[in-house]
Visitor: 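Quick one: the structure is below, and I'll ask about it shortly.
Basis for what follows: all heavy atoms, side chains included, without hydrogens, waters or symmetry-related copies. Throughout, protein chains are lettered first and strands after them, A, B, ... in sequence-line order, and every chain is numbered starting at 1.
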Amino acid sequence: MLAKRTPLHPPHSKLYSLSSYTFLSQSTTQLNLPPDAYLKVLCLNGRLKEALIEMSILGTDVRFRGYDALITECVNRKALREGELVHSHMIKTHYRAPVYLDTRLLIMYAKCGKLDDAREVFDGMLQRNVVSWTAMISAYSQTGFQSVAVGLFRWMLRTGLFPNEFTLATVLASCIGHLGLEHGRQVHSLVIKNKYNSHVYVGSSLLNMYAKASEIHDARMVFEFLPVRDVVSCTSIISGYAQLNLDNEALEMFRKLYNQGMECNYVTFASLLTALAGLSALEYGKQVHGLVIRRQLPFYIVLQNSMIYMYAKCGSLLYARRVFDYMPERTVISWNAMLVGYGDHGLGREVLCLFKSMRDVKSDAVTYTAVLSGCSHGGLTDEGLGIFYSMVGGKEMEPEIGHYACVIDLLGRAGRIEKALEFIRNMPFEPSIAMWGSLLGACRVHGNVSAGEYVAQRLLSMEPKNAGNYVILSNIYADAGRWEDVVKVREMMKENTVIKEPGKSSINLNKTVHTFRSGDRSHPQKDKVNAKVRELYEKIREVGYSPDLSCVLHDVDDEQKERILLGHSEKLAIAFGLMFSSQGGILRVTKNLRICVDCHNFAKLVSKVTKRELSVRDSKRFHLMANGTCSCGDFW
DNA sequence: TTAGGGTTAG
């Protein structure tokens, strides 16, 4: 029997009076409707089976148009079940589908998330055109199977078919990261050869490919040579900078393009907010918040997620939570951003409380990383371990390597270094740089020299050019009074020609970002700032400060070491902030690297003698210093 | 018929 009908038309309309047994030819004559339009009407009314029965008796040409209309309807409505019915009807009636219709079927399956079925159609095609290939490549690209997409593209080239601008834009989006770069460059030469170089879709895909591979200069070149720019190409270059932590460049690019009248949408603002979070630019962030509310942009939920992140990274948990609380709907990203915010501030209890109240959304790997790292930063060792072990063997989420790294951090922080080493020996992964790095920090905090040496040996073999590792090892030796070993570390560093990433700290005052570099000699106020650092230094000496010379690994005398320490960028930024800010407010400094032991001591004691609260956001977390103590409990 | 940019962690 035929499926029950749901009438679309009121009883007085001609369509309503048609019986389901009325043949298509008759219906179309009566209604003066083309057959494909009539079939579409039936399909829209849930009468697909009737439509298919009527199709069986039609001529090839009408069937082609009919199937096309039906598949289009299924694609538009992502109606997989109906699409499958159309497909099986084609098979059952031995209909020989032309390339076009097979491609439409492939697209239907891909849009309904049935990648394997799409591939089956693709593999079964006797002939394929550039659209079939592009649709299949795109299906893989959009579902995260980038290498399969690239492999398919290479196969397509071998068949002698020529890619068009659709294919090139798609495949470039699949050449992601450093591994994709080599192939991406080859595609770029194909783009030039085929004179698609000025195509705005191909161009934005190309510049994005370079930006994702950290080749920002090439990305910029492509952008500059685009004859036409649109919202996507402009957003791509801004997000390219932001994702490489080139936040100032991202902001400058946005300002320039905005003044030139660029179109902005929610993706543009989401990328901009990432850059503002990196700059701790709270005032700008608030302005963007106001702007996006006024514009009533679609996909506001994505922007709210970005704003939670921005406010938390700017040290304003209150605003972050306000945005979170007022969201009518949240995604797992909203929860994760809020959890990360609390974790960055060392608020372990708030992390756990929020995690336990998660409803309506399923936690993902990021959630667990945020919770475990939040427990670690908040000193909740047992709670964190409990959560990890509930993951092992649990149904919700199998722990990944990053979660194992969090456990090592948890154990290290609690001083259970041997346990952490045992955990590393038994885990199903090779230990990573991050794991050894966090354990080395733990050895410093807990004064474990022998484990520190063991860990440092492994870490330095994997990462011999990171100056921070040598500094921590030197701190470990210095704390144990092993000065000869401090010298040895310095020599090791020299042998490995270690290049230290320059330390950089910034402070926002009066809507201006003031940035200081280590030993800054170029700042216009350098003399006054240095004098202020010296003044603070004298004051805190009276309450017990002594410089930690093991933080300096240059081969110079102690006096020179002290001078180097006093030139550290966070000290300059703190001094500048004290000179030019009004009394009472929190002084917020942001640093690109981890804060060193000496600057940490300095900042704590400055908070005591000046009675000012200091917030130092380093590359890992927030340090809130008040009256001589820090929220990190001296562990970082 | 087929195409490009985005939000949370590390």
Visitor: Between A:Phe423 and A:Phe388, is the ring centroid distance below 6.0 Å?
Guide: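 For A:Phe423 and A:Phe388, the ring centres are under 6.0 Å apart.
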
Visitor: With sugar-phosphate meaning primed atoms plus P, OP1 and OP2, does A:Thr235 contact a base, only sugar-phosphate, or nothing at under 4.0 Å between heavy atoms?
Guide: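 Base, at least one base heavy atom under 4.0 Å.
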
Visitor: Who passes salt bridge (Lys or Arg N to Asp or Glu O under 4.0 Å) against A:Arg413, sequence neighbours left out?
Guide: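 Not a single residue meets the salt bridge (Lys or Arg N to Asp or Glu O under 4.0 Å) criterion with A:Arg413.
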
Visitor: Rounded to the nearest 0.5 Å, how far does CZ of A:Phe225 lie from OG of A:Ser198?
Guide: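 Here the interatomic distance stands at 13.0 Å.
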
Visitor: For residues A:Tyr300 and A:Phe269, establish whether the separation of their ring centroids is below 6.0 Å.
Guide: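 Between A:Tyr300 and A:Phe269, the centre distance exceeds or equals 6.0 Å.
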
Visitor: Which ones in residues 96-126 of chain A lie close to DNA chain B, meaning a heavy atom under 4.0 Å from one of its atoms?
Guide: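 The answer is A:Tyr100, A:Thr103, A:Arg104, A:Ile107, A:Lys111.
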
Visitor: Run the ring-centre check on A:Phe64 versus A:Tyr100 and record whether the distance is less than 6.0 Å.
Guide: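 Between A:Tyr100 and A:Phe64, which both carry aromatic rings, the centre distance is below 6.0 Å.
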
Visitor: Does any donor atom in the side chain of A:Tyr140 or A:Arg119 lie under 3.5 Å from an acceptor atom in the other side chain?
Guide: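 Checked: A:Tyr140/A:Arg119 side chains pair up, N/O donor to acceptor below 3.5 Å.
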
Visitor: Check every strand shown and say whether A:Asp68 touches a base, only sugar-phosphate, or nothing at a heavy-atom separation below 4.0 Å.
Guide: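 Nothing: the residue A:Asp68, judged by heavy atoms under 4.0 Å, touches no strand.
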
Visitor: Considering only NZ, NE, NH1 and NH2 on the basic side and carboxylate oxygens on the acidic side, decide whether A:Lys195 and A:Glu165 come within less than 4.0 Å.
Guide: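 No, no charged N to carboxylate O under 4.0 Å.
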
Visitor: Any side-chain N or O of A:Lys212 less than 4.0 Å from the OP1 or OP2 oxygen of B:dG6?
Guide: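 Answer is yes, contact under 4.0 Å.
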
Visitor: Atom pairs under 3.5 Å, N or O on each side, protein against nucleotides 8-10 of chain B: can you list them with distances?
Guide:
| unit_1 | atom_1 | unit_2 | atom_2 | d |
| --- | --- | --- | --- | --- |
| B:dT8 | O2 | A:Asn336 | ND2 | 2.5 |

Visitor: Output all residues satisfying ring pair (Phe, Tyr, Trp, His ring centres under 6.0 Å) with A:Phe153, sequence neighbours left out; order by chain, then residue number.
Guide: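 Listed in chain order: nothing, the list is empty.
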
Visitor: Once you round it to whole Å, what is the distance between C1' of B:dT7 and CZ of A:Phe324?
Guide: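 After rounding, the gap between these two atoms is 14 Å.
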
Visitor: Does a side-chain heavy-atom distance below 4.5 Å link A:Met125 with A:Val99?
Guide: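 A:Met125 reaches A:Val99 side chain to side chain.
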
Visitor: Which whole-number value in Å describes the distance from A:Met310 CE to B:dT7 C1'?
Guide: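 Those two atoms, CE and C1', are 12 Å apart.
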
Visitor: B:dA3 C1' sits how many Å from A:Asn208 CG, rounded?
Guide: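 From A:Asn208 CG to B:dA3 C1': 13 Å.
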
Visitor: Going by atom types only, do A:Asn208 and A:Ser205 share a side-chain donor-acceptor pair under 3.5 Å?
Guide: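 Checked: A:Asn208/A:Ser205 side chains show no N/O donor-acceptor pair below 3.5 Å.
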
Visitor: Tell me: CG of A:Leu276 to P of B:dT7, nearest whole Å?
Guide: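 Result: 13 Å.
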
Visitor: Does a donor on one side chain sit under 3.5 Å from an acceptor on the other, for A:Asp364 and A:Asn336?
Guide: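 There is such a pair between these side chains.
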
Visitor: Distance from A:Met391 atom CE to A:Tyr404 atom OH, nearest 0.5 Å?
Guide: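 Separation between the atoms: 9.0 Å.
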
Visitor: Using whole Å, what does the distance between atom C1' of nucleotide B:dA3 and atom CZ of A:Phe153 come to?
Guide: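 Taking atom C1' of B:dA3 as the reference, CZ of A:Phe153 is at 13 Å.
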
Visitor: Got a sec? Which of residues 132-147 of chain A come in under 4.0 Å of DNA chain B, heavy atoms?
Guide: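 Residues of residues 132-147 of chain A that come under 4.0 Å of DNA chain B are, in numerical order, A:Thr134, A:Ser138, A:Gln142.
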
Visitor: Between the base of B:dG6 and the side chain of A:Asn265, is there a donor and acceptor pair under 3.5 angstrom?
Guide: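 A donor-acceptor contact between them is absent.
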
Visitor: Rounding to an integer number of Å, can you tell me how far A:Asn129 CG sits from B:dA3 P?
Guide: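 One finds 14 Å between P of B:dA3 and CG of A:Asn129, rounded.
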
Visitor: In whole angstrom, what separates A:Ile238's CD1 from B:dG5's C1'?
Guide: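 For the pair A:Ile238 CD1 and B:dG5 C1', the rounded distance is 10 Å.
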
Visitor: Looking only at side chains, do A:Arg322 and A:Tyr326 share a donor and an acceptor under 3.5 Å apart?
Guide: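 Judged by distance alone, the side chains do not pair up.
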
Visitor: A:Ala270 side chain: which of B:dG5, B:dT7, B:dA3 is closest?
Guide: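 When the side chain of A:Ala270 is considered, B:dT7 is the closest of B:dG5, B:dT7, B:dA3.
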
Visitor: Using a cut-off of strictly less than 4.0 Å, decide whether A:Gln243 has a side-chain nitrogen or oxygen near OP1 or OP2 of B:dG6.
Guide: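 For A:Gln243, the contact criterion (side-chain N or O under 4.0 Å from OP1 or OP2 of B:dG6) is met.
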
Visitor: Regarding A:Tyr266, tell me which of base, sugar-phosphate or nothing describes its non-hydrogen contacts under 4.0 Å with the strands shown.
Guide: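 Contact class for A:Tyr266: base.
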
Visitor: Heavy atom of residues 200-207 of chain A under 4.0 Å from DNA chain B: which residues?
Guide: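 Close to the strand are A:Val200, A:Tyr201, A:Ser204, A:Ser205.
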
Visitor: Decide whether A:Tyr319 and A:His289 meet the rule of one side-chain donor and one side-chain acceptor closer than 3.5 Å.
Guide: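 Looking only at side-chain atoms, A:His289 and A:Tyr319 do not form any donor-acceptor pair under 3.5 Å.
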
Visitor: Answer with yes or no whether the side chains of A:Ser233 and A:Ser204 bring together a donor and an acceptor at under 3.5 Å.
Guide: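 Note: A:Ser204 and A:Ser233 side chains miss the donor-acceptor criterion.
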
Visitor: Categorize A:Val75 for me: base, sugar-phosphate, or nothing, with a 4.0 angstrom heavy-atom threshold over every strand shown.
Guide: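 The residue A:Val75 makes no contact with any strand.
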
